[in-house]
Each structure stands twice: as C-alpha cells, then as structure tokens.
Q: 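One structure follows; several queries about it will come next.
Sequence lines set the chain letters: A, B, ... in the order given, protein chains first and strands last, and positions in each chain run from 1. Every value quoted in this text rests on a predicted model; they were computed, and no experiment measured them.
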Number of protein chains: 2
Amino acid sequence: MNLLFKALGDPTRRQIIDLLRKRDMNAGEIADYFSISKPSISHHLDLLKQANVVLSIKEGQFITYSLNTTVFDEMVKWVIDISDKQTKKARSKK
Amino acid sequence: MNLLFKALGDPTRRQIIDLLRKRDMNAGEIADYFSISKPSISHHLDLLKQANVVLSIKEGQFITYSLNTTVFDEMVKWVIDISDKQTKKARSKK
DNA sequence: AAAGTATTTAGACATTTGCCTAAATATATA
DNA sequence: TATATATTTAGGCAAATGTCTAAATACTTT
C-alpha cells in the first residue's frame with residue numbers, strides 16, 4: 001500500500017494513469033505527452049509497475065502499458081473503513 | 001490532491017490516521033504511540049493538516065487533533081472514475 | 001550485417017523528505 | 001512570579017526522489 005500511495009503522490013504519474021484510462025499505450029506514446037525526458041518517463045513507469053498500477057507487455061520493439069485497477073480495491077477499502085468508523089463515532093455522539 | 005497522496009504515502013502518517021479513527025487525541029498522546037521524537041510527530045501532523053486530513057483545535061495547553069474524512073471524497077471519486085472507465089473499456093472489448 | 005527505432009540502465013546532481021537535538025512559545029500550576 | 005508541561009520552530013544531516021545526458025540493450029528494416 002505504501003508503494004501505491006507513493007506512486008500516486010506525483011502529478012506526472014497520475015497524468016500517466018489518466019492517459020492509460022483511455023487506452024493502452026507504449027512508452028514512447030506516453031512520453032510524447034510530457035516535456036520531460038524519456039528516461040524519466042521510463043522511471044515513472046517503473047514505479048507505477050512496482051506499485052502494480054500498470055502492467056506492461058512487450059510487443060516486438062514496443063512495450064505496451066495498461067492500467068491495472070484492481071490495486072485500488074484495497075486502497076478504497078482502507079479509506080471506506082476510515083470514513084465508516086468516523087460515521088459511527090459521529091452517530092454515537094449525537 | 002497531491003498533498004493528500006503525499007500525506008498518505010508515509011506509514012507513520014497512516015498510523016496516525018488509524019489512531020485518530022478511534023478517538024481524537026492530542027499531540028502528546030499521539031507521539032506516545034511512536035518511537036520517533038515529538039518534533040518529528042509534530043511535523044507529520046503538520047503535513048496531515050496541510051493535506052486537510054486532520055483538524056486541530058487548541059484546548060488550553062493541549063492541541064487536540066481529529067480526522068477530517070471529507071477530503072477522501074475527492075480521492076475516492078478519482079479512483080472510482082478510473083476504475084469505471086476501465087470497466088467500460090473492458091465491456092466494449094468483449 | 002549494418003543502421004535505425006524503442007526503451008531501459010547507469011551515473012550524476014539538485015531538491016525534498018524524514019529524522020534528530022536545541023531552543024522558542026504558550027499555557028498551567030505552585 | 002517562577003517553574004513545569006505541551007507543542008512547535010529552527011537548523012542540520014542522511015537518504016530518497018525526480019530530473020538529466022550518455023550509453024546499453026533489444027528489435028526491425030534495409
């Protein structure tokens with residue numbers, strides 16, 4: 001979960017996620033959306049991969065990246081849980 | 001949203017959130033749960049406050065911290081949105 | 001096989017982060 | 001008013017992060 005939050009804590013990486021939401025893309029296509037170097041994008045993609053937010057498959061010369069939204073499940077559960085406890089606390093106060 | 005993800009990207013800060021889920025606490029009480037120094041905890045609390053995850057009110061000599069779960073709403077919306085687009089994509093593929 | 005294209009790895013550098021101790025501020029109590 | 005308690009602010013330091021350029025790797029095309 002720490003890797004996930006760390007991964008989401010950078011605007012470039014969240015933009016990459018937003019891009020992949022629309023369609024799968026290869027590293028070069030993704031890089032074209034940004035003004036930072038390809039190695040930097042590659043590094044961001046690596047962190048997203050480590051956090052399990054994206055999956056990659058090699059297709060010949062290209063590497064196609066896609067979103068893996070299942071990792072968000074645990075995160076949402078965590079958040080819901082917090083909000084839930086809070087709701088209970090608020091209710092019992094009244 | 002960046003401050004929020006940054007705030008959540010540290011285990012100590014997530015533990016603080018977990019503590020405040022059960023009840024409001026003052027800075028000293030929170031610090032007692034950790035083996036790091038009080039100034040460090042104070043710093044973590046400041047970041048959580050900047051991210052709007054916690055609220056603080058001064059009560060005499062003490063400062064009581066409480067959770068503000070409303071900030072998670074936007075985050076959950078963002079995540080749901082991503083998962084939703086993905087679901088649609090998956091459906092249309094089939 | 002050589003040259004071109006796509007991507008990553010390596011290594012350097014500045015900035016940010018998380019931690020610490022010492023000092024400052026604010027309130028409470030003797 | 002002097003002292004104790006609660007918390008933050010200041011300043012320093014090592015490690016992590018985000019960026020870059022140059023070089024390496026892998027595949028494709030001529």
Q: Hey, is the side chain of B:Gln61 pairing donor to acceptor with the base of D:dT5 inside 3.5 Å?
A: yes
Q: I want to check something: taking the side chain as every heavy atom from C-beta on, are A:Ile17 and A:Leu8 in contact at a cut-off of under 4.5 Å?
A: yes
Q: Check whether any side-chain heavy atom of A:Arg13 lies under 4.5 Å from a side-chain heavy atom of A:Leu47, and answer yes or no.
A: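 Counting from C-beta outward, A:Arg13 and A:Leu47 do come under 4.5 Å.
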Q: Would you mind reporting whether A:Val53 and A:Leu4 have side-chain heavy atoms less than 4.5 Å apart?
A: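 The answer is yes, as the side chains (C-beta and beyond) meet within the 4.5 Å cut-off.
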Q: Could you state the atom-to-atom distance from CD of A:Gln50 to C1' of C:dT8 in whole Å?
A: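 Interatomic distance, CD of A:Gln50 to C1' of C:dT8: 14 Å.
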Q: Choosing from C:dC19, C:dT7, D:dT19, which nucleotide comes nearest the side chain of B:Ile36?
A: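 Closest nucleotide among those given: C:dC19.
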Q: For B:Asn26 and D:dA6, is the shortest distance between a side-chain N/O and OP1 or OP2 below 4.0 Å?
A: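 It does not, given that no N or O in the side chain of B:Asn26 lies less than 4.0 Å from OP1 or OP2 of D:dA6.
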Q: Salt-bridged, A:Asp10 to B:Lys6, with N to O below 4.0 Å?
A: no
Q: Is there side-chain contact between A:Tyr65 and A:Ile16, with at least one heavy-atom pair below 4.5 Å?
A: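 SC-SC contact between A:Tyr65 and A:Ile16 ruled out.
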Q: Between A:Phe72 and A:Trp78, does the ring centre distance come in under 6.0 Å?
A: no
Q: Which is true for B:Tyr65 with a 4.0 Å heavy-atom rule: it touches a base, it touches only sugar-phosphate, or it touches nothing?
A: sugar-phosphate
Q: To the nearest angstrom, how far is B:Lys38 atom NZ from C:dC20 atom P?
A: 13 Å
Q: Check this one for me: any side-chain N or O of B:Ser37 less than 4.0 Å away from OP1 or OP2 of C:dC19?
A: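 For C:dC19, neither OP1 nor OP2 has a side-chain N or O of B:Ser37 closer than 4.0 Å.
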Q: Rounding to a whole Å, what distance do you find between A:Ile57:CD1 and C:dT7:P?
A: 13 Å
Q: How many whole angstroms separate atom NE2 of A:His44 from atom P of C:dT9?
A: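 From A:His44 NE2 to C:dT9 P: 15 Å.
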Q: As a test of reading the structure: which of D:dG18, C:dG18, D:dT7 is closest to the side chain of A:Arg13, going by heavy atoms?
A: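 The answer is D:dG18, which lies nearest to the side chain.
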Q: Under 4.0 Å, heavy atoms only, any strand: does B:Asp46 hit a base, just the sugar-phosphate, or nothing?
A: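 Counting heavy atoms under 4.0 Å across all strands, no contact is made by B:Asp46.
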Q: Nearest whole angstrom, please: distance from the P of C:dT17 to the CZ of B:Phe5.
A: 16 Å
Q: Would you say D:dT19 has OP1 or OP2 under 4.0 Å from some side-chain N or O of A:Ser40?
A: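 Negative; the distance criterion is not met.
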Q: Would you mind telling me which of C:dT9, D:dG18, D:dT17 lies closest to the side-chain atoms of A:Pro39?
A: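 That would be C:dT9.
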Q: Within the 4.0 Å heavy-atom criterion, would you say A:His43 contacts the bases, only the backbone, or no part of the nucleic acid?
A: base
Q: Counting the atoms with a prime plus P, OP1 and OP2 as sugar-phosphate, which does B:Ile41 contact under 4.0 Å by heavy atoms, base, sugar-phosphate, or nothing?
A: nothing
Q: Roughly how many Å is it from NZ in A:Lys58 to P in C:dT5, rounded to a whole number?
A: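 Value for this atom pair: 18 Å.
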Q: Measure CD/A:Glu29 against C1'/C:dT7 and give the value in whole Å, please.
A: 13 Å
Q: Between C1' on C:dT8 and CD1 on A:Ile30, what's the gap in Å once rounded to a whole number?
A: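 To the nearest whole Å, that distance equals 14 Å.
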Q: Report the nucleotide, chosen from D:dA6, C:dT8, C:dA6, that has the shortest atom-to-atom distance to any side-chain atom of A:Phe62.
A: C:dA6
Q: For A:Lys6 and A:Lys49, take the nucleotide of DNA chain C holding the closest heavy atom to each; which residue's nucleotide lies nearer the 5' end?
A: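 Closer to the 5' end of DNA chain C: A:Lys49.
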